[in-house]
Amino acid sequence: MAKEVIIDIRHLSKSFGGVKVLDDIHFYVRKGEFITLLGPSGCGKTTLLRQIAGFVAPDEGQILLDGKDISELPPYKRPLNTVFQRYALFPHLDVYDNIAFGLKLKGVPEAEIEKRVKKMLKMVSMTDYEDRFVDSLSGGQQQRVAIARALVNQPKVLLLDEPLAALDLKMRKDMQIELKEMHRKLGITFIYVTHDQEEALTLSDTIVVLNEGRIQQIGTPTDIYNEPCNSFVADFIGESTILNGTMVRDRRVSFLGHEFDCVDEGFGENVPVDVVIRPEDVYIMNQQEGAQFSGVVKSCTFKGVHYEMFVDTDCGYELMVQDYNAFEPGATVGLLIRPGDIQVMKKERVCNTLPAVVVDATHVGMLDAVFACPPCDFPKGTPVDVTVPFDKVELLDHKEDGTVAGEVHFLLYKGDHYHLTVRTDSGGRLYVDTHDIWDKGDIVGVNIAPQDMQITRRDDQAQ
Amino acid sequence: MTKRSNWSIPYLVFLILFVVLPLLLVVLYAFQGADGRFTFANITRFFGDADALGTFALSIEVAIENTLLCILLGYPAAWILSNRQLNRSAVIIVLFILPMWINALMRTLATAELFTMLGFTLGKGTLLFGMVYDYLPFMIYPIYNILDKMDKSYAEAAQDLGATPWRVFWKVTVPLSLPGVASGVLMVFMPTVSTFAISEFLTNNKIKLFGTIISENINSSMWNYGAALAFMMLIIIGITSLLSGDDEKAAEGGLL
């Protein structure tokens, strides 16, 4: 399976107006591979694709095609073709001329053009439409023409920018199968951009998960689904419950108020971790016999193939469970999770660590504001780190009431509380554990009580 | 009649009084002899009037030249204006539109004075200059409008398929902006055919255009012949707008 590398992305970075859209992107694409750049909107995936196509110049880094640096080449000199999000078919040309556009520019003889265009039309099942103008075609038909227009040039790599986003669900499913079929038949490398995790899992050989301009994880669809490397990936791909846990020792983890056997080792003893449980991996039964813990069914919704249930566990957590059998709300049930289905992840952080500067004996400056702090004897201007536990950051409804204002940027339900990422106006980040319900995009005031802060002199400035 | 359609009554009255009625009067006068009877004499007189026919041909010629000059100058200007990299603010657009805020007669008079002061002979050259000066914004604006709204992904798609910037311009940008050009042609060609003030001031009446002859006839109380000439001009304008009518619809907001 060791195929040669066709595209090598090396330490690519890009900023727009001071905001880092892509931060040190580094990965490679093998020849003939179907690779998907997956992430929520605004994660930088389209910018990355446009850099590969040549429409955006990178600030730093290189793009290598077959070992040659192409990052300085204009788009028309790159042997790559793109299927645009809204197709961008030329409205003044008919279907035939749209597909022939690239070949005519290259000066391919007329007879050869006709042969290749007809072959493409046949491949995308649009044979009878060559004289039609693109405005008279349906979304799905335009999509086919756009794919044919790109593929007829026999590019080394085909770039697809959310090509199915504008189609309805049924059509999207059909086109997914056709795309996969085309990829198999032609053997061309596909780089595919989407925000739809299901589409990515269905189509790709490899998935690159992006968030906020950084690569979160690279892997096969099964790797990414079964072994997400952090809570963002776990939350973004598929349904999951992410819980705080403690690695008791190797192969033994505690969460949901109970201890479980697991297959992970090497974290150390009594180390706080994140635990991911997929709802389909929780076994639910009527009797307590053979169960690891119990719970009471809170709600039960039919989802077509399975039922989705929320269960209040005996230690006060909420757990999502999917099963083929329905359990009535109010029923007491036994629950079991197998060792192999418990995915343990290292915690990215266990508390907030904020860079700050001492203002006077009882005040520090951080996040572009001055906070009261416990008395410290560092001289004025000393750079320090302020650590604050997640659950000691106070969020307020009105931004005027807080020492600083911020916006709820990301939220994660962890079974019994929410873990929020709050982006402050100064661009800093605060991580908050709360039982209150906030929504993404809420503007909040932030307060931190002095007794909850711990101040240490910053290490790198110590000498 | 519903309540809402009542709102259109003032406009309807206005249109009847100031558009429909005058047009009907023009037609009526055109087919009326001095005695007030129905006649084709005014029309046949035009086709036998070498002077009027010559002026008519010259008017069309000047109008075509003016339109071509406006396209030649206006298209690149519109392109520059719509290009975000070359034009980062709206200031330049306003500068192009600004002359339109000043009365056309004042502008023309000022131009004539300027030419006399600089010692230019007033003639066809100065006439064309004045016309281009007056009508250029009417060409720039519809083209700018369509270029500005044009989806940038068309140009990107063409580049992606191997087109150099030059070929992107000729194979995609120009064909897609033709409706704007058509709209501009309509807005420049038609008023130029009927203009008379510009030729009067900028050529010292050396060159007479069709509009001049109409106004001369009307001014010397030859209402019927004047109306017949105006009628002929209306037909020409009608034909031009019919010819470019299909394309013009596509240029949304093309007409100011």
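Bear in mind the structure is a predicted one, so any value in this text is a computation, not a measurement.
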Has [X] got more than 12 heavy atoms of other residues, nucleotides or ligands less than 6.0 Å from its [atom1]?
X         : atom1 : value
Phe34(A)  : CZ    : yes
Lys106(A) : NZ    : yes
Lys14(A)  : NZ    : yes
Phe196(B) : CZ    : no
Lys180(A) : NZ    : yes
Glu61(B)  : CD    : yes
Lys124(B) : NZ    : yes
Arg132(A) : CZ    : yes

When rounded to the nearest 0.5 angstrom, what is the spacing between [atom1] in [X] and [atom2] in [Y]?
X         : Y         : atom1 : atom2 : result
Leu93(A)  : Leu176(B) : CG    : CG    : 8.0 Å
Phe84(A)  : Asp151(B) : CZ    : CG    : 10.0 Å
Gln159(B) : Thr82(A)  : CD    : OG1   : 10.5 Å

Q) Between His92(A) and Ser177(B), is there a donor-acceptor pair closer than 3.5 Å when you use the side chain of the first and the backbone of the second? A)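 Not a single qualifying donor-acceptor pair exists.
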Please report the C-alpha distance between Phe90(A) and Lys171(B) in whole Å, then the side-chain angles of each, then the deciding distance to 0.1 Å, and finally whether the side chain to side chain contact (heavy atoms under 4.5 Å, CB included) criterion is met. CA-CA 10 Å; Phe90(A) 304 122; Lys171(B) 294 210 163 241; over 6 Å; no
Where on Asp160(B) is there a heavy atom nearer than 4.5 Å to chain A: the side chain, the backbone, both, or neither?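 Looking at Asp160(B), backbone and side chain both touch chain A.
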Examine whether an atom of Ala155(B) lies under 4.5 Å from a heavy atom of chain A, and if so say whether it belongs to the side chain, the backbone or both; otherwise answer neither.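 Contact with chain A: none, neither part.
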Leading residue by heavy atom contact count with chain B [cutoff under 4.5 Å; candidates Leu159(A), Leu103(A), Leu89(A), Val152(A)]: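 So the answer, after comparing Leu159(A), Leu103(A), Leu89(A), Val152(A), is Leu89(A).
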Measure Asn81(A) against the heavy atoms of chain B and call it side chain, backbone, both or neither at under 4.5 Å.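 Looking at Asn81(A), backbone and side chain both touch chain B.
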Heavy-atom proximity to chain B below 4.5 Å, by part of Arg86(A):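 Just its side chain gets close to chain B.
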If I compare all heavy atoms of Tyr76(A) with all of Ala163(B), which pair ends up nearest, and what's the gap?
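Taking every non-hydrogen atom into account, CB-O, 3.3 Å.
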